[in-house]
Amino acid sequence: MKIGISVNVGLNNVKSTVFQAPALVGCEEDATDMFNLAKDRGFDTTRSQLLIGEAATFEAVKDAVSSAAEVLNSGDLFFFSFAGHGTFKILNTATEEPDKHDESIVLSDHFMIDNFWRRKLWPKFKEGVRIIAVADCCHSETALFDLASASSAPAAGFSAAVVGVGALSGAVGVAERVQRQPPAGRVELPKPGFRMITSAERQKELNQFPEFYNGQAAASPQEIKATRLFLSACKDDQNAADGDPNGAFTAALLNVWNNGSFSGDYNVLMANIGAGFNGTNQTPVLTQIGAPDFSSEQAFKIE
């Protein structure tokens with residue numbers, strides 16, 4: 001019997017003594033709602049973890065993901081979500097990543113950069129495990145995977161496809177759109193602000209712990225056997241809007257999800273979400289890496 005495990009992370013307030021970040025409103029609610037979505041879909045709540053606020057530390061997230069990887073086998077489903085600030089580490093050369101950035105999620109105490117996921121966490125999962133990762137933060141498109149590795153797919157031994165949902169939205173018929181979508185189909189980006197920290201605050205953290213971050217980036221690449229599907233709130237060069245009670249992207253996802261009445265696949269889910277962002281400066285992105293491609297499976301269904 002296939003099982004699902006979720007790790008859902010959200011923090012409104014960073015507790016670091018090194019850098020400061022603006023207080024957010026909807027992130028912990030985002031994580032809680034994603035945890036409840038997984039619970040409603042039959043994920044194993046005894047093994048799943050909800051990490052919010054001060055509990056969302058670097059070590060806690062690393063350990064929670066690693067623990068899930070130990071348990072899950074081929075055919076099982078892992079669901080990771082993050083809601084909070086996003087940032088990046090500027091690289092010296094474009095050979096490391098085409099955009100010269102290591103996109104990162106901002107946890108309670110430190111950043112977790114994209115290379116750490118690619119080189120340390122995702123390789124822990126067994127072949128045949130399906131991974132869904134949702135990132136509702138600024139610069140989120142590749143915050144949970146290494147863009148350089150994804151773009152060099154043939155050499156790395158896996159396939160990658162990156163699709164902006166704006167291109168998908170035109171293929172979704174009106175009848176497929178849930179009734180709870182705003183009449184005009186456009187998401188009004190909320191006013192509390194964006195899920196980002198300033199470059200000055202980012203640099204304080206990077207300067208304080210250079211070996212820690214260089215170590216994340218320099219880890220030796222390992223083979224990733226699991227297939228991954230990423231649902232990102234925005235492109236790498238964009239910001240994601242916060243909101244009350246949810247961030248703009250998570251609110252749109254929950255709106256389309258409609259308390260579980262949505263029965264479409266991930267492509268249709270993201271197309272419906274993306275349709276609401278037309279005309280805004282935030283473009284949700286769907287990325288599939290690895291085989292088999294399970295983006296056409298019913299969203300968040302374990303079996």
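Just so we're clear, the structure is a prediction, and the values are computed from it rather than from any experiment. Starting from 1, each residue takes its place in the sequence as its number.
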Exercise for review: Please list, chain by chain and in numerical order, all residues satisfying side chain to side chain contact (heavy atoms under 4.5 Å, CB included) with D40, sequence neighbours excluded.
Suggested key: none
Exercise for review: Quickly, which of T287, D265, T227, N267 forms a side chain to side chain donor-acceptor pair (under 3.5 Å) with S295? Name it, please.
Suggested key: N267
Study note, to complete from the structure: In this structure, CH2 of W257 is separated from CZ of F262 (nearest 0.5 Å) by 7.5 Å
Review point. Is T250 reaching over with its side chain to a backbone N or O of N246, donor-acceptor style, under 3.5 angstrom?
Key: no
Exercise for review: Output the distance between atom OG1 (T87) and atom CD (E205), rounded to the nearest 0.5 Å.
Suggested key: 10.0 Å
Review point. Can I3 and R47 be said to form a side-chain contact (heavy atoms from CB on, under 4.5 Å), step by step?
Key: CA-CA 10 Å; I3 65 170; R47 293 189 174 105; 4.1 Å; yes
Point to revise | Heavy-atom closest pair, residues Q298 and S263 | key: CG-O, 3.5 Å
Point to revise | Pairwise distance OG(S81) to CZ(F79) - rounded to 0.5 angstrom | key: 4.5 Å
Practice item. For the pair Q222 (side chain) and R119 (backbone), establish whether a donor and an acceptor sit closer than 3.5 Å, ignoring hydrogens and angles. Key: yes
Check your understanding: Salt bridge or not for K124 and E70, using N-O below 4.0 Å?
Key -> no
Practice item. Check the surroundings of atom CD in E211: do more than 12 heavy atoms from other residues, nucleotides or ligands lie under 6.0 Å from it? Key: no
Exercise for review: Sort out for me which residue in L144, I132, L121 forms a side chain to side chain contact (heavy atoms under 4.5 Å, CB included) with F80.
Suggested key: L144
Point to revise | Neighbour count >12 (heavy atoms, 6.0 Å) for atom NZ, K126 | key: yes
Review point. Does S140 reach the main-chain N or O of D136 with its side chain, forming a donor-acceptor pair under 3.5 Å?
Key: no
Check your understanding: Would you say D30's side chain and A83's backbone share a donor-acceptor pair under 3.5 angstrom?
Key -> no
Point to revise | Partner of L107 by side chain to side chain contact (heavy atoms under 4.5 Å, CB included), out of V14, L51, V9 | key: V9
Review point. Is the centre of the F300 ring less than 6.0 Å from the centre of the Y266 ring?
Key: yes
Study note, to complete from the structure: To the nearest 0.5 Å, atom CD1 of I289 lies from atom CD1 of I224 at 7.5 Å
Practice item. Answer yes or no: is there a donor N or O on one side and an acceptor on the other, between the side chain of Q49 and the main chain of N8, under 3.5 Å? Key: no
**Study point:** Check against salt bridge (Lys or Arg N to Asp or Glu O under 4.0 Å), R195 and D242
**Key:** CA-CA 6 Å; R195 296 178 169 182; D242 192 27; 2.9 Å; yes
Practice item. Please confirm whether the backbone N or O of E103 pairs with a side-chain atom of D114, one donor and one acceptor, at under 3.5 Å? Key: yes
Review point. Under the 3.5 angstrom rule, does the side chain of R130 hit a backbone N or O of A226 as a donor-acceptor pair?
Key: no
Check your understanding: Short question: side chain of S232, backbone of C234 - any donor-acceptor pair under 3.5 Å?
Key -> no
**Study point:** Single-linkage hydrophobic cluster, 4.5 Å side-chain cutoff, V256 and V134 together
**Key:** yes
Exercise for review: Could you grab the distance from atom OH of Y213 to atom NE2 of H110, nearest 0.5 Å is fine?
Suggested key: 6.0 Å
Review point. What distance separates L269 CG from L231 CG, expressed to the nearest 0.5 Å?
Key: 6.0 Å
Point to revise | Result of checking Q238, K235, E141 against T283 for side chain to side chain donor-acceptor pair (under 3.5 Å) | key: Q238
Practice item. Using ring-ring contact (aromatic ring centres under 6.0 Å, His included) as the criterion, point out the one residue from W117, F19, F82, F209 that pairs with F111. Key: F19
Exercise for review: Determine yes or no for a side-chain-to-main-chain donor-acceptor pair under 3.5 angstrom, with R41 supplying the side chain and N36 the backbone.
Suggested key: no
Review point. Does the separation of the ring centres of F58 and F212 fall below 6.0 angstrom?
Key: yes
